[in-house]
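Worksheet: the structure to be examined is printed underneath.
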Amino acid sequence: MDKTFSPADIETRWYEEWEAKNYFAPGAGEESYCIPIPPPNVTGTLHMGHGFQQAIMDALIRYNRMKGRSTLWQVGTDHAGIATQMLVERQLEAKGVSRHDLGRDQFIDKVWEWKEESGGSITQQLRRLGASVDWSRERFTMDPELSEAVKEVFVRLYDEGLIYRGQRLVNWDPKIHTAISDLEVVQEEEAGSLWHLRYPIAGSEETVTVATTRPETMLGDTAVAVNPADERYAHLIGKTILLPLTNREIPIIADDYVDAEFGSGCVKITPAHDFNDYAMGERHQLPVINILTADAHLNDDVPEPFRGMDRYEGRQAVVEAMDALGLLEKVEDHRLKVPRGDRSGVVIEPWLTLQWYVDAKKLAGPAIEAVESGAIEFVPKQWENTYFAWMRDIQDWCISRQLWWGHRIPAWYDTEGNVYVGKDEAAIRSKHGLPDKFALTQDDDVLDTWFSSALWTFSTLGWPEETEELAKFHPASVLVTGFDIIFFWVARMIMMSLHLKREVPFKQVYVHGLVRDGEGQKMSKSKGNVLDPIDLIDGIDLETLVNKRTSSMMQPQQAAKIEKATRKQFPDGIPGYGTDALRYTFYSLASTGRDIKFDLGRMEGFRNFCNKLWNAARYVLMNTEGFDPAAPSQRSEADEWILSRLQTKMTETASSIEQYRFDHAAQTLYDFVWNEYCDWYLELSKPVLWDDTSPNELRQGTLRTLLEVLETILRLMHPLMPFITEEIWQNVAPRLGISGDTIMLAQWPEADHKLINNEAEAEMEWLKSVIVAVRTIRSESNIPPAEELALILGNTVAADTARVARHTQALAKLAKVASITIAESGEEQPPTLSALAGTIEVMVPIAGVIDVDKELARLAKELDRLTAERGRLAGKLSNDNFVARAPADVVDKERAKLADIETSISSVTGQKSKMEELR
RNA sequence: AGGACCAUAGCUCAGUUGGUUAGAGCGCUACCUUGACAUGGUAGAGGUCGCCAGUUCGAAUCUGGCUGGUCCUACCA
């Protein structure tokens with residue numbers, strides 16, 4: 001094994017072997033365990049959020065697989081209707097071809113071509129993360145089987161009256177020319193204006209003023225509304241307005257919706273272009289006048305001069321026309337929430353169209369109940385509130401999209417516009433007895449991608465067929481996801497599964513935080529602060545990174561800024577840290593918060609940790625060459641101590657993983673490996689192994705323990721760091737006579753409570769504290785590390801003497817001590833430097849010149865600390881209330897502490913007065 | 001507008017049902033190329049747990065209020 005750990009050499013090699021040998025497929029096992037992957041968008045590339053999420057799922061999967069469960073990690077991608085269609089259209093545009101030139105069927109062929117060529121990049125990237133997904137079961141939402149499931153669901157829900165077609169206002173994306181759901185609209189506050197327009201009242205000189213952020217919509221106004229309680233306008237209710245520019249007369253109506261305090265207290269009502277106005281229009285039976293085309297130009301229902309104008313040209317033209325009439329009162333700056341399509345980025349228009357809807361309210365009831373009853377459990381639990389809040393106020397779900405790429409809606413129309421829903425045309429004809437010559441045309445629209453994703457947990461397992469996999473792996477054990485798609489996906493899966501399968505889709509939902517950059521900013525391409533997980537694994541030089549972050553930027557100005565920031569943050573690029581270090585960093589950050597600030601410094605620390613583990617393994621392997629597992633052996637106190645500690649760590653690790661506290665699991669193992677196994681146990685093994693006079697059985701016991709503890713550590717860490725653990729395990733396991741092709745399928749280590757040894761732990765704590773005390777003296781008095789010391793121990797009891805005898809070797813080696821003397825109580829000592837190990841006084845005779853004042857200052861500080869502590873404890877214990885009310889064991893603990901402090905104070909005081917004599 | 005979450009060392013974060021001397025990593029200081037590892041070792045420094053009240057023998061932890069920050073949902077023209 002090399003002196004430093006090089007991840008690049010081993011990762012690809014092991015992944016290929018695991019995949020080739022099909023270790024990822026579910027094995028035998030009574031219990032089953034299943035995680036459905038949140039299917040990444042087929043056009044997507046791996047980002048930090050994916051990296052984090054896959055790391056968590058892989059840890060759970062590997063842990064459960066090692067526990068002997070039949071474990072399925074269902075993998076696949078979704079077809080991302082809008083994103084994919086846009087991407088392929090853009091490629092065609094580059095060649096000067098539009099999708100309309102090609103026609104629907106040919107265009108879809110092109111999309112499939114693209115998918116075959118480039119659609120797999122994210123799945124390749126998943127492999128780099130070590131994700132042990134079952135590739136043999138990979139699914140795509142547009143696969144024939146999954147499409148069949150989609151049709152089945154649509155037909156069933158339609159037949160049950162849960163899917164219907166209706167004309168109403170939708171969120172219309174004028175760039176992509178499709179409806180989108182409420183969830184796909186992002187509302188951001190932007191700067192705008194509030195125009196105050198005067199509307200003349202019919203048969204009067206009077207005008208009313210209305211305020212609007214969208215003056216062009218006045219061309220579609222069909223009323224003006226005031227609050228019924230507003231006395232200022234009470235006399236106008238029932239009168240009419242002569243709507244300027246249009247020659248239309250519209251009523252003044254009263255409605256509670258109007259806020260008398262806002263603006264002028266008068267609102268123009270445009271039912272065709274505003275959701276609230278639409279609702280009011282329904283209440284008052286107002287006409288609905290649509291004034292926009294599909295690409296948001298003014299249509300022919302507006303006065304001639306405005307026809308054909310883009311909505312923003314129209315806005316300006318209307319304002320100018322009103323101003324010319326003297327009807328523009330004023331214009332104010334105004335901040336408002338502007339709705340934009342999350343894919344196109346353009347401003348969404350509420351637009352009247354015919355669309356398909358799912359009656360979500362009926363499906364929501366059981367879905368709420370499933371979480372209330374605990375059949376589905378969110379972790380952390382607080383997310384249930386978010387879920388409930390949304391579900392209890394759920395709106396019908398618009399599922400039709402005016403796209404070509406996706407599942408085409410299985411509905412057909414005859415020439416009279418009657419609707420027939422069925423799996424295909426033949427089925428419809430036979431069901432309704434329609435002859436072949438009776439013309440039927442299929443609906444042009446496709447379904448929302450989330451409609452097929454909502455079926456993911458069971459459609460991937462073969463539903464509607466009752467397959468073995470479905471019986472075994474549904475409901476899934478847990479869904480691992482970010483809180484940002486609780487509504488999009490989680491809620492819809494729950495509704496669909498409960499309705500169609502009559503069971504929950506998964507038993508738990510683990511909701512993790514979102515990965516942000518070191519400053520807590522969301523990582524986004526436009527901010528130029530994205531990190532590619534693959535670059536963190538392999539490393540990337542500065543120029544490539546700058547190029548990557550600034551290429552295909554919308555604004556070149558932004559690019560310069562990003563370049564500067566990138567050069568400043570990564571002057572030398574990013575070194576490759578390897579997958580294991582990246583994953584460990586993710587785990588260490590996976591606490592309960594909702595933001596995960598990714599810190600490169602921590603990642604470097606975990607790279608170092610990999611190296612530490614690697615070198616500890618090298619040490620063990622170097623010393624255990626030719627080790628005979630069958631040879632007689634005897635364990636030392638140190639051996640028993642490390643084994644005892646190990647048992648505790650096994651229990652802690654497993655319980656942390658089961659509670660989704662990967663940060664705790666990572667911390668536990670890091671601490672054990674570095675601060676106990678490496679810092680102490682490996683060091684303690686040296687005196688045994690390097691001393692030729694050590695009894696052979698003791699030496700054998702040490703070698704065995706070195707190997708056994710290491711081998712167990714590797715299995716404990718494997719779910720978190722799959723590659724390095726496999727590589728080392730392949731070398732270590734055979735030394736113990738353990739056979740097995742891969743650590744992946746080795747058994748998860750279970751703690752043996754018989755190996756918990758409190759005496760050994762106490763004894764090693766004692767030894768460590770004495771060694772640390774000597775080291776402290778050495779360090780604080782600048783005694784060279786190599787100088788051997790004569791050690792005197794004061795304030796000891798008989799047990800200490802026995803312990804000293806047992807650990808002479810270790811003390812000699814680890815504290816560089818040449819001799820050890822136990823001081824009799826009351827015995828006069830030469831001047832010494834001292835430190836406390838518990839209540840034991842650890843002393844080293846002063847050799848040569850020392851800085852007496854410095855030593856006195858140190859002792860004084862120590863004494864201050866002890867005295868303050870004594871004061872605190874004495875105060876507490878003299879409080880009758882405390883002694884009377886606090887539990888007895890707490891009081892006893894405080895008393896014992898006080899007694900120890902008293903002892904320490906007297907030894908430090910003694911040391912101090914001796915030191916003063918030297919002055 | 002309603003709701004959620006967060007505030008602990010210079011930085012990134014842990015801290016179970018109230019009882020520790022409030023912890024870790026990085027960074028910092030001093031010393032050290034000792035036969036696994038300088039991606040290392042040893043020893044340190046560093047915190048009034050955002051602020052104010054309250055409950056309690058006892059509060060980083062529980063309650064209320066305030067300040068600062070993040071996010072979600074809804075939306076007023």
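Side chains are part of it too, since the values below use all heavy atoms of this structure and drop only hydrogens, waters and symmetry mates. Sequence lines set the chain letters: A, B, ... in the order given, protein chains first and strands last, and positions in each chain run from 1.
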Practice problem: Could you tell me which residues satisfy ring pair (Phe, Tyr, Trp, His ring centres under 6.0 Å) with A:F609, sequence neighbours excluded, listed by chain and number? | Solution: A:Y584, A:Y670
Practice problem: Going 5' to 3' through nucleotides 29-44 of chain B, assign each nucleotide B (protein heavy atom under 4.0 Å from a base atom), S (under 4.0 Å only from sugar-phosphate atoms) or - (no protein heavy atom that close). | Solution: ------BBBSBSSSSS
Quiz prompt | Value in whole Å for how far the C1' atom of B:C5 lies from CZ of A:R516 | solution = 12 Å
Exercise. Write down the distance separating the P atoms in B:C51 and B:C11, rounded off to the nearest Å.
Key: 15 Å
Exercise. Nearest whole angstrom, please: distance from the P of B:U70 to the CD of A:E189.
Key: 13 Å
Quiz item: Does atom CD of A:E189 have more than 12 heavy-atom neighbours from other groups under 6.0 Å away?
Solution: yes
Quiz item: Once you round to the nearest 0.5 Å, how far does OG of A:S193 lie from CZ of A:R335?
Solution: 11.5 Å
Quiz item: Would you find a donor on one side and an acceptor on the other, under 3.5 Å apart, between the side chain of A:R516 and the backbone of A:I596?
Solution: no
Practice problem: With sequence neighbours left out, write down each residue that passes side-chain hydrogen bond (donor to acceptor under 3.5 Å, both in side chains) with A:R661, or none if nothing qualifies. | Solution: A:D663, A:H664
Quiz item: With sequence neighbours left out, what residues match A:E190 under salt bridge (charged side-chain N to carboxylate O under 4.0 Å, His left out)?
Solution: A:R340
Quiz item: Just how far, in rounded Å, is P of B:G3 from CZ of A:R392?
Solution: 15 Å
Quiz item: Taking atom P in both B:C49 and B:C62, what distance in whole Å separates the two?
Solution: 15 Å
Practice problem: Could you work out the separation of B:G50 and B:C5 based on their C1' atoms and round it to a whole Å? | Solution: 16 Å
Quiz item: Taking atom types as modelled, is there a side-chain donor on A:E184 or A:N171 under 3.5 Å from an acceptor on the other?
Solution: no
Quiz item: Is atom CG of A:N881 surrounded by more than 12 heavy atoms (other residues, nucleotides or ligands) closer than 6.0 Å?
Solution: yes
Self-check item: Paired stretches of RNA chain B - 3 or more consecutive Watson-Crick or G-U pairs, each distance under 3.5 Å
Solution: B:1-7 with B:67-73, B:10-13 with B:23-26, B:28-32 with B:40-44, B:50-54 with B:62-66
Quiz prompt | For the student: nearest non-hydrogen atoms of A:V347 and A:V338, plus distance | solution = CG2-CG1, 3.7 Å
Exercise. Only counting residues at least two apart or in another chain, list the ones meeting side-chain hydrogen bond (donor to acceptor under 3.5 Å, both in side chains) with A:K686.
Key: A:E683
Quiz item: RNA chain B: A:S588 or A:D595, which has the more 5' nearest nucleotide?
Solution: A:S588
Self-check item: Set of residues satisfying ring pair (Phe, Tyr, Trp, His ring centres under 6.0 Å) with respect to A:F570, sequence neighbours excluded
Solution: none
Practice problem: Using atom CG of A:L898 as one end and atom P of B:U21 as the other, report the distance to the nearest whole Å. | Solution: 12 Å
Practice problem: Could you tell me the separation between the CG atom of A:D671 and the C1' atom of B:G25, rounded to a whole number of Å? | Solution: 11 Å
Exercise. Can you tell me, in whole Å, how much space there is between the P of B:C76 and that of B:U16?
Key: 43 Å
Exercise. Determine the interatomic distance between C1' on B:A14 and the same-named atom on B:U61; round to the nearest Å.
Key: 14 Å
Quiz prompt | Between B:A24 (P) and A:Y584 (OH): distance, integer Å | solution = 16 Å
Output one line per pair: protein atom, nucleotide atom from nucleotides 16-20 of chain B, and distance, for all N/O pairs under 3.5 Å.
{"from": "B:U20", "atom 1": "O3'", "to": "A:K897", "atom 2": "NZ", "distance (Å)": "3.4"}

Quiz item: How far, in whole Å, is B:G54 from B:A59 if one measures between their C1' atoms?
Solution: 11 Å
Self-check item: P atoms of B:C75 and B:G15, separation to the nearest Å
Solution: 37 Å
Exercise. For the residue pair A:T839 and A:D900, confirm or rule out a side-chain donor-acceptor distance under 3.5 Å.
Key: no
Quiz item: Which residues in residues 656-665 of chain A have at least one heavy atom lying under 4.0 Å from any atom of RNA chain B?
Solution: A:R661, A:H664
Quiz item: Could you state the CD-C1' distance from A:Q667 to B:G25, rounded to the nearest angstrom?
Solution: 8 Å
Practice problem: Can you sort out the partners of A:F5 under ring pair (Phe, Tyr, Trp, His ring centres under 6.0 Å), two or more places apart, ordered by chain and number? | Solution: A:W614
Quiz item: Which residues satisfy the side-chain hydrogen bond (donor to acceptor under 3.5 Å, both in side chains) test with A:Q382, sequence neighbours excluded?
Solution: none
Practice problem: Find the distance A:Y587:OH to B:A14:C1' and express it as a whole number of Å. | Solution: 19 Å
Quiz item: Given that A:L589 and A:Y670 both sit by RNA chain B, which one's nearest nucleotide is further toward the 5' end?
Solution: A:L589
Quiz prompt | cation_pi(A:R583, A:F586) dist<6.0 Å, angle<=45 | solution = no
Quiz item: At what distance, to the nearest 0.5 angstrom, does CD1 of A:I253 lie from CG of A:L236?
Solution: 13.0 Å
Self-check item: Gap in Å between the two P atoms, one belonging to B:U63 and one to B:A24, rounded
Solution: 29 Å
Quiz item: Does any N or O in the side chain of A:D538 come within less than 3.5 Å of the main-chain N or O of A:G576, such that one atom is a donor and the other an acceptor?
Solution: no
Quiz prompt | Nucleic acid footprint by protein, nucleotides 72-77 of chain B - heavy-atom cut-off 4.0 Å, B for base, S for sugar-phosphate alone | solution = -SBBBB
